[in-house]
Amino acid sequence: DHYRAAVRERGAGSLGWIGTWEGNEWWSTAASAGSLAFRRDGDFAIVVSDPAAREEDLERTIREFAGFATRHGMVPVLYSVHEPVAAASDRLGWTRVLIAEETVLDLPFLAFTGKKFQDIRTALNQGTKQGISTRWTTWAEMPIGLREQVNAISEEWVADKALPEMGFT
């Protein structure tokens with residue numbers, strides 16, 4: 001509840017909602033200036049989004065969390081953070097590695113028009129002809145048969161990858 005309130009008050013980046021997932025642990029600075037969610041994975045404490053902190057409190061929040069993690073035998077890792085958090089960790093001398101870049105799509109205005117999207121339009125039209133459709137739902141609302149299909153597709157996709165799936169994503 002404390003973490004959720006901190007996220008509502010201060011934000012935690014575009015992936016802050018990941019911090020509410022089951023399996024996370026939550027931590028706050030001594031003065032509650034910053035809160036964050038993390039996952040223990042081996043010897044690592046992986047922070048799963050930007051800390052819920054004002055920009056002026058980011059460096060302090062990261063420094064204090066690093067102390068907490070170290071005292072508990074873990075290496076702190078910031079995963080999928082935005083520039084203000086990365087800049088604060090840079091000032092602390094941390095190493096930065098680019099793994100991927102986030103893309104936010106403005107779905108109400110998304111249109112596959114023009115020559116460069118011809119292949120996408122062809123695939124969409126073929127899908128429609130083959131009876132493939134889109135269904136927006138939640139896992140809880142999904143019928144068991146559909147859940148089994150999603151699991152099978154996911155397992156097949158993961159099996160084709162050279163790296164293991166990152167369980168917390």
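Quick caveat: nothing in here was measured; it's all calculated off a predicted structure.
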Can you give each donor-acceptor pair under 3.5 Å made by side-chain atoms of residues 110-119, sequence neighbours left out, with the distance rounded to 0.1 Å?
unit_1 : atom_1 : unit_2 : atom_2 : d
Gln118 : OE1    : Arg121 : NH2    : 2.6
Gln118 : NE2    : Thr122 : OG1    : 3.1

Check for a donor-acceptor pair, side chain of [X] on one end and backbone N or O of [Y] on the other, with a separation under 3.5 Å.
X: Trp26; Y: Gly19; answer: yes
X: Thr70; Y: Ala66; answer: yes
X: Ser35; Y: Ala52; answer: no

Grab the two heavy atoms, one from [X] and one from [Y], that are nearest each other, plus how far apart they are.
X: Ala86; Y: Ser89; answer: O-OG, 2.8 Å
X: Tyr3; Y: Ala37; answer: CE1-N, 3.7 Å
X: Ala69; Y: Ala45; answer: CB-CB, 4.2 Å
X: Ala87; Y: Arg96; answer: N-NH2, 4.1 Å

Let me confirm one number: the [atom1]-[atom2] distance from [X] to [Y], rounded to the nearest 0.5 Å.
X: Asn125; Y: Ile120; atom1: CG; atom2: CD1; answer: 12.0 Å
X: Asp57; Y: Arg63; atom1: CG; atom2: CZ; answer: 10.5 Å
X: Leu36; Y: Glu64; atom1: CG; atom2: CD; answer: 10.5 Å

Residue [X] excluded, over 12 heavy atoms near [atom1] under 6.0 Å:
X: Asn151; atom1: CG; answer: yes
X: Asp160; atom1: CG; answer: yes
X: Glu156; atom1: CD; answer: no
X: Arg60; atom1: CZ; answer: yes

Under 4.5 Å between any side-chain heavy atoms of [X] and [Y], yes or no?
X: Leu58; Y: Pro51; result: yes
X: Ile62; Y: Leu78; result: yes
X: Val150; Y: Trp139; result: yes
X: Phe68; Y: Phe38; result: yes

*By ring-ring contact (aromatic ring centres under 6.0 Å, His included), which residues pair with Trp17, not counting sequence neighbours?*
Trp21
Single-linkage hydrophobic cluster [X]~[Y], side-chain heavy atoms < 4.5 angstrom:
X: Leu98; Y: Trp94; answer: no
X: Val85; Y: Trp27; answer: yes
X: Ile99; Y: Val81; answer: no
X: Val47; Y: Leu15; answer: no
X: Val75; Y: Leu92; answer: no

*May I have all residue pairs that pass salt bridge (charged side-chain N to carboxylate O under 4.0 Å, His left out) and include part of residues 128-141, sequence neighbours excluded?*
none
*asked:* Less than 4.0 angstrom from a charged side-chain N to a carboxylate O is my criterion; do Arg10 and Glu56 meet it?
replied: no
*asked:* Assess the residue pair Asn24 and Arg39 against the criterion (side chain to side chain contact (heavy atoms under 4.5 Å, CB included)); give the C-alpha distance rounded to whole Å, side-chain angles, the decisive distance to 0.1 Å, and a yes or no.
replied: CA-CA 5 Å; Asn24 289 336; Arg39 309 260 318 190; 2.5 Å; yes
